[in-house]
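Protein chains get the first letters and strands the later ones, always in sequence-line order, with residue 1 at the start of each. Scope of the values below: all heavy atoms of this structure, side chains included, with no hydrogens, waters or symmetry mates. Note that the structure is a prediction, hence the values are computed from the model and not measured.
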Amino acid sequence: MKRCVHDALSRVIGGLEGTPAGFEAELMACARPEQGDLATNCALQLARHLRRNPREIAADIVGKLQSLRICDGHIASVEIAGPGFINFRFSTAYWHQALDALLAAGEGYGRSAAHAGARALVEFVSANPTGPLTVGHGRNAVLGDTIANLLEWTGFQVTREYYFNDAGRQMRVLGASVRGRYHETLADPDHVLAHMPKVAAHRAGYTTKCIGDADAPVTVASAFPDDGYLGTYITEIAAQLAEAHGADLLEAADERTFTQAAKQAIFADIESTLERLGIAMDRFFNEGSLYESGAVRQTLRDLCAKGVVYERDGAQWMKTSTLGKEKDTVLVKSTGEPTYRLPDMAYHRDKYERGYDVMIDIFGADHIATYPDVLRALRVLGYDTDRIRVVIYQFVSLMRAGAEVKMSTRMANYVTLDELIDDVGTDVTRYFFLMRSAQSHLEFDLDLAREASDKNPVFYLQYAHARICSILEKAREVGFSLDSETRLDLLIHEAELALIRTLVEFPDVITRTAAALEPHRLATWLRTAAEAFSRFYHSCRIIGEERPLATARMALAQGTRTVLKNGLDVLGLRAPDRM
RNA sequence: GUGCCCGUAGCUCAAUUGGAUAGAGCGUCUGACUACGGAUCAGAAGGCUGGGGGUUCGAGUCCUCCCGGGCACGCCA
């Protein structure tokens with residue numbers, strides 16, 4: 001419908017004297033239903049070019065449109081309003097047809113093939129395995145997964161990828177932390193292995209020390225690193241090692257065994273948390289593989305060949321100062337070890353070579369200043385960086401007892417994503433992260449979490465869905481059923497038409513939400529759909545009406561159910577038949 | 001100090017990307033069930049969109065300068 005109006009408008013506008021070449025009329029929904037269904041501001045925009053009064057231009061356009069008799073007569077009226085808007089109103093028959101199409105499409109309603117054949121990569125979470133996922137990672141995970149869903153709904157073939165680094169200093173510290181806790185575990189005189197001579201000898205030489213904040217010092221084994229990870233999960237991993245290996249690891253030459261065990265345990269934990277949220281990664285990409293394949297070295301060589309790398313103080317620098325940044329950037333430290341940026345560049349290069357049409361990165365606000373370096377390098381290497389889209393989300397601030405909780409994985413000062421899910425459930429967790437735009441700061445009061453979850457908007461959506469299921473079932477029990485005879489043209493009540501008008505927006509909402517990579521648009525829109533249904537429900541009955549009207553309304557309820565179900569699906573939320 | 005994000009109703013947030021009278025939820029107040037699910041619905045109150053200037057037919061949205069908050073500015077990742 002939009003296209004047909006647009007085509008007609010283009011023909012008329014093209015015929016006006018003074019229209020600039022390439023002028024495209026913009027069409028949008030009317031601000032208010034009483035104004036009409038579709039509006040264009042083209043007369044306002046043309047006023048400058050044509051040097052004429054906008055309302056006069058509008059009148060001219062409307063006159064010519066009427067002589068064309070556009071859109072199979074489905075335009076009920078065309079009016080000029082305000083400073084020169086042109087408002088189109090569709091016929092009721094058009095809305096009935098649109099509902100019919102919705103019902104025919106069913107669970108595919110809202111899907112489009114706009115990007116069929118194209119491949120997209122969504123990289124998200126990408127937390128290094130140093131601890132459990134926190135609430136902050138939750139926002140990343142849910143955003144990424146939902147954006148991936150949205151891309152699938154617009155036709156993309158999507159790969160969900162998790163990028164991680166299991167080497168380097170932080171992993172060594174992690175392993176050393178586990179080793180420290182392992183020593184502590186065996187130092188406990190109540191431990192089952194306490195009688196072993198080797199353990200007893202170890203206990204004799206066991207000493208502790210204090211680390212951490214001055215006002216909250218923690219006593220740990222002397223083998224525990226000063227900048228070690230203090231979370232209880234470290235102790236649990238250590239206990240498991242004590243169980244599996246007994247005292248055999250006391251003389252371990254380095255921390256690699258501990259690192260390896262920690263990595264495995266933590267990844268298992270991360271994956272199970274993601275699974276609880278309904279998230280399944282297609283691939284875990286190890287940064288280390290980029291070293292093994294030589295991709296990191298090759299990237300450095302290629303950047304050198306482009307003349308953007310130089311040496312100073314024994315380190316390799318990239319001339320980012322000539323590429324729109326204030327300072328230059330270190331790619332390889334004087335120790336010969338690359339900074340994380342270089343493998344990151346190699347990684348994105350790898351994505352290009354795998355042939356993705358669109359590559360999406362979900363990053364927290366802390367990456368805001370660093371990811372442009374990667375894009376700069378890629379541009380230098382000749383890649384089209386328009387294919388990369390970076391979604392930056394602001395951090396979640398957590399409130400507990402009226403005060404903000406400062407998060408630090410190392411200091412074990414955090415709220416895990418699992419705890420949040422335990423508290424409010426998966427649907428509330430997901431919806432909570434999706435209902436606001438990514439770039440707005442999000443405040444979450446843990447004390448109110450459970451209480452607030454009772455009135456969380458997600459229940460409003462699910463309730464509407466469950467109620468529709470119940471109504472349809474009841475209607476079938478009294479002998480009504482949907483069939484090809486259903487007369488949608490009986491739906492003329494204001495609440496019925498308002499509901500249809502809303503439902504039919506759904507495919508467009510999906511398209512726009514996907515294009516903007518902003519899931520909150522769908523989340524907030526779904527509420528308006530559920531509201532439109534509630535209004536309909538309160539003013540129009542099904543059971544008790546004559547069969548033709550009752551079945552027509554059943555069809556409308558069914559259509560609403562489809563839209564709610566599909567919308568909830570995209571957001572990764574359950575659409576329960578009963579609650 | 002420099003760069004990026006943000007500032008909208010008492011609170012938490014929207015606003016179709018520059019459109020018409022800035023909208024929802026929570027909270028507050030007033031109403032509605034002999035009813036297919038009341039986890040509902042109808043209505044009210046609540047706003048100088050942080051402040052000043054600018055751009056134009058038109059600004060919460062764009063440019064600029066202040067004020068306030070967040071994040072980042074390392075040969076850490």
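- B:A45 is unpaired under the Watson-Crick or G-U wobble criterion, no partner having all donor-acceptor distances under 3.5 Å.
- Comparing B:G37, B:C6, B:C41 by their closest approach to the side chain of A:Arg535 singles out B:C41.
- When Watson-Crick and G-U wobble pairs are counted only if both distances are under 3.5 Å, B:A24 pairs with B:U12.
- The NE2 atom of A:His49 sits 13 Å away from the C1' atom of B:U56 (whole-angstrom rounding).
- Salt bridge status for A:Arg389 with A:Glu518: absent, with no side-chain N to carboxylate O gap under 4.0 Å.
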_Summary of protein contacts for nucleotides 15-21 of chain B, nucleotide by nucleotide, where a base hit scores B, a sugar-phosphate-only hit scores S (4.0 Å, heavy atoms)_ = SBB-BBB
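- The existence of a salt bridge linking A:Arg578 and A:Glu473 is confirmed by a sub-4.0 Å separation between a basic side-chain nitrogen and an acidic carboxylate oxygen.
- Taking atom OH of A:Tyr460 as the reference point, atom C1' of B:G25 lies 11 Å away to the nearest angstrom.
- Ion pair A:Arg341/A:Asp344 not flagged as a salt bridge, since none of the NZ, NE, NH1 or NH2 atoms sits closer than 4.0 Å to an Asp/Glu carboxylate oxygen.
- Applying the 4.0 Å criterion to OP1 and OP2 of B:C33, one finds that A:Tyr537 has every side-chain N and O outside that range.
- Atom pair A:Leu50:CG and B:C57:P shows a separation of 14 Å (rounding to whole Å applied).
- Nearest nucleotide to the A:Met579 side chain, out of B:G37, B:C41, B:C5: B:G37.
- For B:C13, neither phosphate oxygen OP1 nor OP2 lies less than 4.0 angstrom from any side-chain nitrogen or oxygen of A:Ser440.
- Base pairing analysis places B:C36 opposite nothing; no Watson-Crick or G-U wobble pair with both distances below 3.5 Å involves it.
- Taking the side chain as every heavy atom from C-beta outward, A:His520 and A:Leu434 never approach each other to under 4.5 Å.
- When A:Asp427, A:Thr146, A:Leu150, A:Asn566 are each tested for a side-chain contact (heavy atoms from CB on, under 4.5 Å) with A:Leu571, only one passes: A:Thr146.
- Here the side chain of A:Ile368 is nearest to one of B:C4, B:G70, B:C71, namely B:C4.
- The pair A:Glu255-A:Arg172 fails the salt-bridge criterion, with no side-chain N (NZ, NE, NH1 or NH2) lying under 4.0 Å from an Asp/Glu carboxylate O.
- Atom CZ in A:Arg139 sits roughly 14 Å away from atom P in B:U12 (whole-Å rounding).
- The existence of a salt bridge linking A:Glu531 and A:Arg527 is confirmed by a sub-4.0 Å separation between a basic side-chain nitrogen and an acidic carboxylate oxygen.
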What nitrogen or oxygen pairs link the protein and nucleotides 73-76 of chain B at under 3.5 Å?
residue	atom	partner	partner atom	Å
B:G74	OP2	A:Lys327	NZ	3.0
B:C75	O2	A:Ser334	N	2.8
B:C75	O2	A:Ser334	OG	2.6
B:C75	N3	A:Ser334	OG	3.2
B:C75	N4	A:Asp313	O	3.0
B:C76	OP2	A:Lys333	NZ	3.0

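- For A:Arg467, a side-chain nitrogen or oxygen approaches OP1 or OP2 of B:G38 to under 4.0 Å.
- Under 3.5 Å, the side chains of A:Asp361 and A:His348 contain a donor-acceptor pair of N or O atoms.
- Nucleotide B:A77 holds its C1' atom 5 Å from the CD atom of A:Gln170, rounded to whole Å.
- For the pair A:Lys474 and B:G37, the criterion of a side-chain N or O lying under 4.0 Å from OP1 or OP2 is met.
- Residue A:Cys540 is in base contact, counting any heavy-atom pair closer than 4.0 Å across all strands shown.
- Here A:Asp344 lies out of heavy-atom contact (under 4.0 Å) with every strand.
- A:Val396 pairs in a side-chain contact (heavy atoms from CB on, under 4.5 Å) with only one of the listed residues (A:Val135, A:Asn140, A:Thr134), which is A:Val135.
- Residue A:Gln394 has no polar side-chain atom (N or O) positioned under 4.0 Å from OP1 or OP2 of B:G70.
- We find that CD1 of A:Ile543 is positioned 10 Å from C1' of B:A35, with the value rounded to whole Å.
- A:His538 has its NE2 atom 11 Å from the C1' atom of B:A39, to the nearest Å.
- Base pairing of B:A59: no nucleotide in any strand meets the Watson-Crick or G-U wobble criterion (both distances under 3.5 Å).
- Between the CG atom of A:Asn456 and the C1' atom of B:C13 there is a distance of 13 Å, given to the nearest Å.
- When both pairing distances are held under 3.5 Å, B:C75 makes no Watson-Crick or G-U pair with any nucleotide shown.
- When the side-chain contact (heavy atoms from CB on, under 4.5 Å) test is applied to A:Thr385, the partners found at least two apart in sequence or on another chain are A:Tyr352, A:Leu375, A:Leu378, A:Arg379.
- Taking the six-membered ring for Trp, A:Phe267 and A:Phe284 have ring centres closer than 6.0 Å.
- With its glycosidic angle more than 90° from 0, B:U40 is assigned anti.
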